[in-house]
There are 2 protein chains.
Amino acid sequence: MADVTLKDVAVRAGVHVATASRALDPDRRHLVNAETRQRVEAVARELGYRINVLARGLRKGSTGLIGVVVADLGNPFLPPILRGVEEVLGPRGYLIAVSETHEDPETLRRVCEQLVARRVEGIVISAAHAGDGDFLATVEQSVPVVLAVRRVSGGGHHTVTHDDVLGARLVTEHLVKLGHRRLAQLRGPQDVSSFAGRARGFQDVLTEYGCTEVTTGEPAREPTTAEGRRLAAALLAAGGPRPTAIVAQNDLMAIGALDALGEAGLRCPEDISIVGYNDAPLTGHLTPPLTTVRLPSHALGRRVATTMLSQLDQNQEPPTTVALEPELVIRASTAAPADEEPEVVRAVRSRDRREARRR
Amino acid sequence: MADVTLKDVAVRAGVHVATASRALDPDRRHLVNAETRQRVEAVARELGYRINVLARGLRKGSTGLIGVVVADLGNPFLPPILRGVEEVLGPRGYLIAVSETHEDPETLRRVCEQLVARRVEGIVISAAHAGDGDFLATVEQSVPVVLAVRRVSGGGHHTVTHDDVLGARLVTEHLVKLGHRRLAQLRGPQDVSSFAGRARGFQDVLTEYGCTEVTTGEPAREPTTAEGRRLAAALLAAGGPRPTAIVAQNDLMAIGALDALGEAGLRCPEDISIVGYNDAPLTGHLTPPLTTVRLPSHALGRRVATTMLSQLDQNQEPPTTVALEPELVIRASTAAPADEEPEVVRAVRSRDRREARRR
DNA sequence: CTGAAAGCGCTAACAC
DNA sequence: GTGTTAGCGCTTTCAG
């Protein structure tokens, strides 16, 4: 607990604190006589001196702290993002303070207040909901903000995200090309841009290919296994034609759907194909291994950090939104529908029939 | 970026900064005339004043920062721990700064330096290796340290951990009671106390019940799926009698073992039972669902935080080690060995035979 | 109840 | 090259 101050070092080294300060600062050491500097350094080491970052920050008006606000630390795509952020910001001397909102807007507010009061130099937010734009604008008056993963409606913020529309297109087209024409979607909370984007990609493909959506109506209250199971069960229990494929907006809901299928005595992919989103750990080890969408989370983290750096360097660039491209991961939970024939097959058949009649 | 200072508020409210300071501090507001206080509060709100935590910290000698050092943020048992820590420390006004070491001792050192320089008030470390005791003792001279999850050899630190010996006993005994007598162990790096403890629990049970260990010799370099698979494959490829059960020291290695089994054309649990450790997400959804050990991580986080709090409150209690009890989760990856009969069955049989002879 | 003054530990001007 | 002085924004005596 012994707090050695710069003054202690200076006295012991027989110099003024200012000199000691210079000698110990990498950026100003060259202003000091080499011999003096070495003496100061020696004493500092001997006394176990550690600079008080607080005092320096107060004087220089900088804390070297970057706040990162996430919705849920348990989300498995976060670690690669955090690692990417840290990889870039750490070597620049920044320390990362992580806070969690649990998806609660009130907590988001509180946490941002906290961070601003602590004079963090920037805030990375990956916990935004669609309607948080106005609030974030006020935060941005105090400190640079970079949105990660989730956008807010209205734009106007530096944003680095995944291209969710594209990702959803990728999986949905994959299913359509397998021959699926009646698809259902398991939606997450639509005030989160990721889920909203995935919904749009899905819809777009359905429209383009003239497919039918079988719908349960409501989205999941939370994007969890339990909710996925509940929604999928409702889907299967409903009257009317069953979908041949289910697009879950994340892996957890896909797993819930898998459970619901099993309980209904149906098989995946024989009876119904299921896809997830995120490529969470172990999804490749499920039965069946899950077809899903892989996100470049680590790259996203790095990109978030560089975006933040350029803001910190006062490069007053206008807000941009960059969307990184996800990747389709095809595994065994998707196959051609059993009761319906793929387009090509049908085309061939009808041609055959036509020819047969002609003879 | 407008930084409103206390002075600004004071001037505007027509009072001295000291008065403004008192009026705005929950602990000293009662020292101020109610009317004055309200005026100050109004102005503060109006101007958007936010206290500069740095300046206050410098003056009061406290930062309200707690450092948390983890080995790998991707580890799925961390979030509940972090949440537990935050739940307890957050309401007390502490902010959590999370850093990662990637299991590198050098990084651990650097990170601790950083945190001390920033005058964090306490450091929670769940990234310790067995040999870090001496280093941590030096850190402890500057700031309270609480070890989470992993101990260091030699003791002498406030430690909150899981009872790994017990956990390993639980799964191993479960296997023995199913009738297994030839078991193998997939070990993680033994300089991490968690893995070392699990090794001991396993050995203890084997000794007590007179079972045989089939060994691959080396532990995993990293406790990953790939390593688990490699070690399990080596185990299966080796000459000599095959184990009927494999105890992996974490779920990832267990999954690797599952893979290796599949590749060798063997089934789990029919040919070999496999158990994991940690009860990571989705382990219940694997094929077969994995028998494993569930850790009270959330409770551990809370306990870590309260231990830290009592240290911060200067309660100079001597270092204690508390080990929280894990829980056995039996699923479908374990069954009685095919070629060997469970104890009870054998007992019943031999009794039957005896009785048969008597007639 | 409020104001004046000092100072937390450091760095930035400015002198010498 | 090095010392002097001032002050970052706040809290804390100590007066009044």
Side-chain angles (χ1 to χ4, degrees), chain A residues 1-41 43-44 47-65 93 116-121 142, chain B residues 1-41 43-44 47-65 93 116-121 142:
Chain A
M1 317 277 179
D3 259 14
V4 182
T5 75
L6 190 56
K7 195 166 148 200
D8 299 332
V9 175
V11 169
R12 182 82 168 256
V15 297
H16 189 96
V17 285
T19 307
S21 171
R22 288 190 272 259
L24 263 20
D25 181 346
D27 295 344
R28 293 177 303 153
R29 52 195 305 133
H30 63 274
L31 298 173
V32 170
N33 184 350
E35 193 189 333
T36 314
R37 192 183 67 209
Q38 280 162 18
R39 189 150 34 92
V40 173
E41 283 170 347
V43 172
L47 260 42
Y49 170 73
R50 290 177 224 279
I51 189 170
N52 185 327
V53 179
L54 240 63
R56 174 162 43 115
L58 180 57
R59 183 64 240 248
K60 300 178 70 151
S62 68
T63 56
L65 258 187
V116 170
R118 283 179 187 277
R119 298 299 189 274
V120 296
E121 297 182 31
S142 314
Chain B
M1 317 277 178
D3 259 14
V4 181
T5 74
L6 189 56
K7 196 166 145 199
D8 298 333
V9 175
V11 169
R12 183 81 167 256
V15 297
H16 190 95
V17 285
T19 307
S21 170
R22 289 189 271 257
L24 263 20
D25 181 345
D27 294 345
R28 293 177 305 149
R29 52 194 306 137
H30 62 274
L31 298 173
V32 171
N33 184 349
E35 194 189 336
T36 314
R37 192 183 68 211
Q38 281 162 18
R39 189 151 34 94
V40 173
E41 283 171 346
V43 173
L47 262 42
Y49 169 73
R50 290 176 222 280
I51 190 171
N52 186 326
V53 179
L54 240 65
R56 174 164 40 117
L58 179 57
R59 184 62 242 249
K60 300 179 63 153
S62 69
T63 57
L65 257 187
V116 170
R118 283 181 187 276
R119 299 298 190 272
V120 296
E121 298 182 31
S142 314

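Every chain is numbered from 1 and lettered A, B, ... according to where its sequence line falls, protein lines coming before strand lines.
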| note | Heavy-atom nearest nucleotide on DNA chain D taken for B:Lys7 and for A:His16; more 5' hit belongs to A:His16
| field | Minimum-distance nucleotide (side-chain atoms of A:Ala55 versus D:dT11, C:dA12, C:dG9) | value | C:dG9
| query | Ignoring hydrogens and geometry, is there a side-chain-to-backbone donor-acceptor pair from B:Asp8 to B:Thr5 under 3.5 Å? | reply | yes
| said: Check whether A:Arg39 reaches the backbone of A:Ala13 with its side chain - one donor and one acceptor, N or O, closer than 3.5 Å. | reply: yes
| Between D:dT11, C:dC1, D:dC8, which one does the side chain of A:Leu58 approach most closely? | D:dC8
| query | Under 4.0 angstrom, heavy atoms only, what part of the nucleic acid is B:Ile51 near: base, sugar-phosphate, or nothing? | reply | sugar-phosphate
| request: Please check the phosphate of C:dG9 (OP1 and OP2 only) for any side-chain N or O of A:Thr5 closer than 4.0 Å. | output: no
| task | Taking the side chain as every heavy atom from C-beta outward, state whether A:Val40 and A:Arg22 have any pair of such atoms under 4.5 Å apart. | result | no
| query | What's the OH-C1' distance between B:Tyr49 and D:dC10, to the nearest Å? | reply | 7 Å
| field | Short side-chain N/O contact to C:dA12 OP1/OP2 from A:Arg28, under 4.0 Å | value | yes
| request: Would you classify B:Ser21 as touching base, sugar-phosphate or nothing, given that sugar-phosphate means primed atoms plus P, OP1 and OP2, and contacts are heavy atoms under 4.0 Å? | output: base
| said: Can you work out whether B:Asn52 or B:Arg22 has the more 5'-proximal nearest nucleotide on DNA chain D? | reply: B:Asn52
| remark: Minimal heavy-atom distance between A:Arg56 and A:Ile51, with the atoms involved, is NE-CD1, 3.3 Å
| query | Of all the choices, D:dC8, C:dA5, D:dG1, which nucleotide is nearest to the side chain of B:Ala18 once you look at every atom? | reply | C:dA5
| Starting at the 5' end of DNA chain C and moving along, which residue's nearest nucleotide shows up first, B:Lys60 or B:Gly14? | B:Gly14
| query | Considering only side-chain heavy atoms of B:Asn33, which listed nucleotide, C:dT2, D:dT2, C:dT11, is closest? | reply | C:dT2
